[in-house]
2 protein chains.
Amino acid sequence: MDKILTGNWKSMRPYASALDRLRNAGLRPTRQRLALAKLLFENGDRHITAEDLHSEARNAGVSVSLATVYNTLHQFTQTELLREVVVESGRAYFDTNTTQHSHFFFEKSGRLMDIPADAIEISQLPSAPDGAEISGIDVTVRIDA
Amino acid sequence: MDKILTGNWKSMRPYASALDRLRNAGLRPTRQRLALAKLLFENGDRHITAEDLHSEARNAGVSVSLATVYNTLHQFTQTELLREVVVESGRAYFDTNTTQHSHFFFEKSGRLMDIPADAIEISQLPSAPDGAEISGIDVTVRIDA
DNA sequence: TGGCGAGCTTAGAATCATTCTTAGCTTGAC
DNA sequence: GTCAAGCTAAGAATGATTCTAAGCTCGCCA
Ligand SMILES: [Mn+2]
Ligand SMILES: [Mn+2]
Ligand SMILES: [Zn+2]
Ligand SMILES: [Zn+2]
């Protein structure tokens, strides 16, 4: 049980309920976190900004402050419920797909789209200097549209 | 000669003088642009932020405003004297190496380091949806140090 | 069941990088 | 030399994000 409550549980079922996800992450299931988790995880794979999630929540009748949206997105990222994707300076996207995969980024619309992990292959990665840890590899294919 | 003055000249010599680079890009060689070009291009491959270039200029006794540093970096980027690299939301890096290559990003120090183009190989790129134009492929290897 | 402290939420201020505005300088073609 | 187009710069404005600090809420425990 201990492992479950400390978060970082890698083998989350894709259809785990919002409540289960919060429990597994060791986060209290508050009204705000539950509502945001539902919006994020019950609508398929998503790439969303804090502002967009905030307005989506309000449109859905959920009263939550922007500060809490930011707090929650960061907590979800830390507990690996989400992944942060950086493709444009000055804007952060949060991705509900936490597996290793790449993205198409449509520069005009600001839309992000997954590229399945097996549709791109990276060969002969250079080893990190000093034997430092590689914490991730981000591949973005920019589309001029 | 026309082609030279309209910028986008791909075959710039690596040791072209700052003045030549501005001429080739079709930019007036003002005192500020010359000074910034020298700082950027006479010190090997660099990855630098606007703020950092600004303080570097001032330390070197060059009087230039931050607004002009931003303007200049963007003009250099448009004329392909520089390439913009996004690895962290809220911070833009400008790269004096405009050839296709990847980066190590040291998350703690905020340092960027080139990975030679031939040290990484990407196979079977998926075609862009709709036959849209791919304007670039960014590969960032994040180092947790 | 009620109390309580840790944890959470929030409005609004603050921060930070970047962009904009606008007025005054430069540059270079003629 | 003159003059318009191009350029610079101080400071205000912007926009995303973070911080502050004050008041709620949650859930464990008596
Ligand atoms: Mn958005
Ligand atoms: Mn910096
Ligand atoms: Zn994704
Ligand atoms: Zn580089």
Side-chain angles (χ1 to χ4, degrees), chain A residues 1 4-7 18-19 22-23 25-37 39 47-58 61-79 81-82 84-94 110 112, chain B residues 1-2 4-7 18-19 21-23 25-37 39 47-58 61-79 81-82 84-94 110 112:
Chain A
M1 270 303 147
I4 291 178
L5 294 175
T6 51
L19 184 58
L22 294 180
R23 285 209 183 103
L27 296 170
R28 279 198 198 171
T30 65
R31 182 174 56 70
Q32 291 87 338
R33 293 211 274 232
L34 262 171
L36 295 175
L39 290 174
H47 304 88
I48 196 169
T49 64
E51 294 274 4
D52 287 350
L53 180 58
H54 184 232
S55 18
E56 196 171 297
R58 315 217 99 183
V62 176
S63 156
V64 58
S65 72
L66 182 55
T68 294
V69 172
Y70 274 104
N71 289 339
T72 301
L73 287 173
H74 288 140
Q75 290 152 359
F76 285 9
T77 299
Q78 272 179 247
T79 54
L81 260 35
L82 291 177
E84 190 174 346
V85 179
V86 178
V87 283
E88 226 178 15
S89 94
R91 198 192 237 166
Y93 289 82
F94 294 87
L112 267 178
Chain B
M1 270 305 149
D2 212 315
I4 291 177
L5 293 175
T6 53
L19 184 58
R21 286 176 194 265
L22 294 180
R23 285 209 182 103
L27 296 170
R28 280 197 198 172
T30 64
R31 181 174 53 71
Q32 291 87 337
R33 293 212 273 234
L34 263 172
L36 294 176
L39 290 174
H47 305 88
I48 196 170
T49 65
E51 293 276 3
D52 286 349
L53 180 57
H54 183 234
S55 17
E56 195 172 297
R58 314 218 101 185
V62 176
S63 156
V64 59
S65 73
L66 182 56
T68 293
V69 172
Y70 273 105
N71 288 339
T72 301
L73 288 173
H74 287 140
Q75 289 152 359
F76 285 9
T77 299
Q78 271 179 248
T79 55
L81 261 35
L82 290 177
E84 190 174 346
V85 180
V86 178
V87 284
E88 225 178 17
S89 95
R91 198 192 237 167
Y93 289 82
F94 293 86
L112 268 178

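Excluded from the calculations below are hydrogen atoms, water molecules and symmetry mates; all remaining heavy atoms, backbone and side chain alike, are included. Throughout, a chain's letter reflects where its sequence line sits, starting with A, and its residues are numbered from 1. Computed from a predicted model, the values in this text were never measured in an experiment.
In terms of position along DNA chain C, the nucleotide closest to B/His74 lies nearer the 5' end than the nucleotide closest to the other residue of the pair B/His74 and B/Pro29. Checking B/Thr68 against A/Ala50, the closest nucleotide of DNA chain D that is more toward the 5' end is the one next to B/Thr68.
With rounding to whole Å, A/Leu34 atom CG is found 10 Å from D/dC26 atom P. In this structure, A/Leu27 places its CG atom 11 Å from C1' of C/dG7, rounding to the nearest Å. Look at CZ on B/Phe76: it is 11 Å from P on D/dC7, rounded to the nearest Å. Nucleotide C/dT27 holds its C1' atom 14 Å from the CG atom of B/Leu19, rounded to whole Å. Nucleotide C/dA17 holds its P atom 11 Å from the OH atom of B/Tyr93, rounded to whole Å. The CG-C1' distance, from B/Leu22 to C/dT26, rounds to 15 Å in whole Å. Per the geometry, CD belonging to B/Gln75 stands 7 Å off P belonging to D/dT8, to the nearest Å. In this entry the distance linking CG of A/Leu36 with C1' of C/dT10 reads 14 Å, nearest Å.
In terms of heavy-atom proximity, A/Leu19 sits nearest to A/Pro29 at CD1-CB, 3.5 Å.
A distance-only check finds a donor-acceptor pair linking the side chain of A/Arg31 to the backbone of A/Ser63 [under 3.5 Å]. Using a distance-only test at 3.5 Å, with no hydrogens or angles considered, a donor-acceptor pair links the side chain of A/Arg33 to the main chain of A/Arg28. In this structure, A/Arg91 contributes its side chain and A/Thr49 its backbone to no donor-acceptor pair below 3.5 Å.
Between A/Phe76 and A/Leu22, some side-chain heavy-atom pair lies under the 4.5 Å cut-off. Using a 4.5 Å heavy-atom threshold, the side chains of B/Leu27 and B/Gln75 count as touching. Within the 4.5 Å cutoff, the side chain of A/His54 has no heavy atoms near those of the A/Tyr70 side chain.
Counting non-hydrogen atoms under 4.0 angstrom, A/Thr30 reaches the backbone sugars and phosphates but no base. Looking at heavy-atom distances under 4.0 Å, B/His54 makes no contact with the nucleic acid at all. Within the nucleic acid shown, B/Thr72 has no heavy atom closer than 4.0 Å to any nucleic acid atom.
In this structure, of C/dT26, D/dA9, D/dG27, it is C/dT26 that holds the atom nearest to the side chain of B/Arg28.
Of the side-chain N and O atoms in A/Arg31, none sit less than 4.0 angstrom from OP1 or OP2 of D/dT25.
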Atom pairs, protein N/O to nucleotides 10-16 of chain D N/O, distance under 3.5 Å:
from: D/dA16; atom 1: O3'; to: A/Gly90; atom 2: O; distance (Å): 3.4

